[in-house]
Amino acid sequence: MSINHHLQCVSLLRDCKTLSHLKQIHARASKTGLDADPLVAGKLLLLAATTLADALDYARLLFFRTPSPDPFMYNTLIRGLSESDHPHHSLLTYSQMRRDSVPPDSFSFAFVLKAAANRKSLSVGWQLHTHVIHHGLESHLFVGTTLVSMYAECGCLASARKAFDDIPQPNVVAWNAIVTACFRADDVKGAERLFERMPWKNSASWNVMLAGYTGAGELGSARSLFLAMPNKDAVSWSTMITGFASNGLFDDALSFFRELLREGCRPNETSLTGVLSACAQAGAFESGKILHAHAEKAGLSSIISVGNALLDMYARCGSILMASRVFDWEMEKKSIVSWTSMIAALAMHGYGEEAIQLFHKMEEHGTKPDGITFISVLYACSHSGLIEQGHKFFQEMENTYGIERSIEHYGCMVDLYGRAGLLHKAYEFITNMPIKPNAIIWRTLLGACSIHGNVRLAEHVREKLSELDPSDSGDYVLLSNIYAVAGKWKDVASVRRSMIVQRIQKTPGWSSIEVDKVVHTFVASDDISDVKEEVHKKLTEVMARLKMEGYIPEIMSVLHDVEEEEKEDAILRHSEKLAVAFGLARMPGESVIRIVKNLRICPDCHTVMKLISKVYKREIVVRDRSRFHSFREGSCSCRDYW
DNA sequence: CTAGGGTTAG
């Protein structure tokens with residue numbers, strides 16, 4: 001082999017961007033025997049295992065074809081696998097390294113400890129720690145820091161502290177790791193004490209505190225620390241935006257983004273995806289569209305994560321059209337997240353068949369589904385009543401695709417059977433599950449009992465729930481509705497009493513609507529005089545007009561929490577009705593009224609929305625906790641199946 | 001030729 005060939009090969013590898021490109025280079029290198037050169041082999045493996053997308057299988061092939069891999073190759077494969085969906089394989093490679101009598105070094109431990117962290121396996125972590133000590137590496141700065149993070153990830157703060165104390169001269173990175181560990185263990189005070197004691201702080205240390213505070217819901221502390229921060233960097237801004245968004249404070253998230261622009265900082269992909277996620281959750285369609293323009297102007301819209309956030313924003317703001325436009329025309333590159341998001345978007349809007357078609361298209365495209373893809377696909381089946389299809393996917397995901405089924409997948413199946421009225425099949429399914437059913441599983445069945453009015457099964461489920469999670473207000477509301485519909489007033493009263501005795505508060509329902517780029521939120525109020533005069537007036541007018549068209553209030557579902565004479569007033573005050581009245585009062589005649597609700601839409605509100613869409617000739621889109629309802633000309637996209 | 005801490009969509 002010549003020097004020339006070697007140089008040429010190395011320069012080719014430097015510019016290698018895709019797996020197929022890598023395969024070409026590999027093929028050429030094998031012809032000249034260059035692939036046996038440790039430098040070339042190492043670089044090939046490094047690219048496949050860590051840099052290129054979807055190339056891990058090829059990395060394993062490269063590795064297993066190498067007769068006696070050097071430590072670098074072991075480390076590289078351990079590293080690649082540690083961040084994969086199967087960190088377990090990383091641990092197996094590490095074991096093989098030991099079996100092959102290749103001594104692990106500090107790099108090996110840094111990578112394999114990451115695998116233990118990703119598996120959240122404390123026992124594996126302990127075991128690896130003894131190996132670290134055996135190799136005399138416990139005071140190694142990098143290994144020690146990874147140990148701290150691993151213990152934090154596995155939920156053992158005490159061990160993280162010990163590992164930190166074993167580091168003779170911890171640097172700022174090690175300090176940041178132990179502060180993060182405190183936050184992971186909900187020890188905010190401990191984190192604050194360490195932050196005070198830190199010998200040096202760079203901006204990352206402050207960012208650790210910001211992320212810790214927002215993660216703990218201490219937004220006031222986060223805000224004051226942010227204001228006091230000497231050097232805010234891009235991560236600080238992103239942390240505030242995503243932190244406030246994930247605590248439901250969408251307005252603040254948007255304000256931070258606007259302030260970032262005012263300060264003359266350039267938004268990056270993280271701040272943009274964060275603020276888009278805030279719009280998605282709040283249903284702020286107008287603000288989202290403006291951000292889309294921002295993204296294009298800043299040249300960020302071609303980044304996959306930004307495209308995914310845009311498509312998700314449009315889908316959650318009720319525009320399946322814009323979502324698919326982003327997906328079909330504006331995303332040259334797509335990841336598993338893009339496909340899954342689009343499948344979920346179609347499913348949320350009731351396009352079950354289309355969601356399944358897209359799943360097959362994804363496969364033809366060569367993208368392998370993962371566990372979350374199957375959650376979306378099963379959700380699509382259950383919300384469109386595709387029982388056979390759902391059953392088939394559930395079987396195939398494990399048998400054909402080799403993806404482990406989690407409790408969420410079982411939950412989808414319970415929903416699939418239950419929604420369709422196959423209550424006993426759903427019950428039988430739960431009793432035969434190989435995983436212990438949790439409260440969510442039983443709650444799903446309770447929801448199905450409510451749809452289909454099965455009191456006896458509901459009572460049985462109630463017992464299970466009272467063991468697993470006795471304080472969920474939604475369960476009590478569901479149960480009392482089931483009794484009310486069946487006319488069992490004594491039982492309604494008894495559920496109500498037990499709620500009072502156990503001091504269970506109903507989750508307050510809220511609905512929001514964006515008008516002129518401002519999100520207005522309405523809460524179901526106890527006192528009609530709390531409602532703005534403008535909204536009250538409009539609502540009274542609307543209801544009068546609907547009654548002339550033959551509307552009769554469906555008061556069944558509220559009988560549990562109000563006195564007889566108040567029941568009509570009570571459903572009149574539902575937050576989604578206040579929001580739609582506000583929309584009718586404030587928005588021009590043509591525009592679509594988009595509402596987001598935190599709970600499920602109530603049957604009476606559903607009827608009212610249908611009627612408004614017909615009488616006022618307005619399209620109304622309501623996103624509730626589980627799906628979209630698109631009301632047009634008197635009917636709903638959910639076909640009354642929700 | 002490889003590492004550790006802080007923000008990122010389903």
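Chain A is the first sequence line, chain B the second, and so forth, proteins listed ahead of strands; every chain is numbered from 1.
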Between Arg65(A) and Asp35(A), does any NZ, NE, NH1 or NH2 come within less than 4.0 Å of an OD or OE carboxylate oxygen? no
If you draw a 6.0 Å radius around CH2 in Trp200(A), do more than 12 non-hydrogen atoms from other residues or ligands fall strictly inside? yes
Please find the pair of heavy atoms, one from Ala245(A) and one from Ala278(A), that lie closest to each other, and give the distance. CB-CB, 3.8 Å
Touch check for Thr76(A), heavy atoms < 4.0 angstrom, all strands: base, sugar-phosphate only, or nothing? nothing
Mind checking if Leu39(A) touches a base, just sugar-phosphate, or nothing, with heavy atoms under 4.0 Å? nothing
So Ile343(A), base contact, sugar-phosphate only, or nothing? Heavy-atom distance under 4.0 Å. nothing
Val235(A) backbone acceptor or donor facing Asp233(A) side chain under 3.5 Å: yes
Reading DNA chain B in the 5' to 3' direction, which nucleotide is the first one with an atom under 4.0 Å from a heavy atom of chain A, and which is the last? dC1(B) to dG10(B)
How is Phe111(A) classified with respect to the nucleic acid when contacts are heavy atoms under 4.0 Å: base, sugar-phosphate, or nothing? base
Counting only heavy atoms not in His360(A), do more than 12 fall under 6.0 Å of its NE2? yes
Please work out if Ser376(A) contacts a base, only the sugar-phosphate, or nothing of the nucleic acid, heavy-atom cut-off 4.0 Å. nothing
Applying a 4.0 Å non-hydrogen cut-off, can you work out what Asn75(A) is touching in the nucleic acid: base, sugar-phosphate, or nothing? base
Counting any heavy atom closer than 4.0 Å, what does Asp233(A) reach on the DNA or RNA strands: base, sugar-phosphate only, or nothing? base
Pick base, sugar-phosphate or nothing for Ser341(A), based on heavy-atom distances below 4.0 Å to the nucleic acid. sugar-phosphate
When the ring centroid of His140(A) is compared with that of Phe109(A), is the distance short of 6.0 Å? no
Tyr94(A) ring center near Tyr74(A) ring center (under 6.0 Å): no
With heavy atoms under 4.0 Å as the rule, sort Leu276(A) into base, sugar-phosphate or nothing. nothing
Just call it for Ser277(A): base, sugar-phosphate, or nothing, with non-hydrogen atoms closer than 4.0 Å on any strand. nothing
Sugar-phosphate only, base, or nothing, as touched by Ser106(A) at under 4.0 Å among non-hydrogen atoms: base
Remember a base hit wins even if backbone is also touched, and classify Thr373(A) as base, sugar-phosphate or nothing at under 4.0 Å, heavy atoms. base
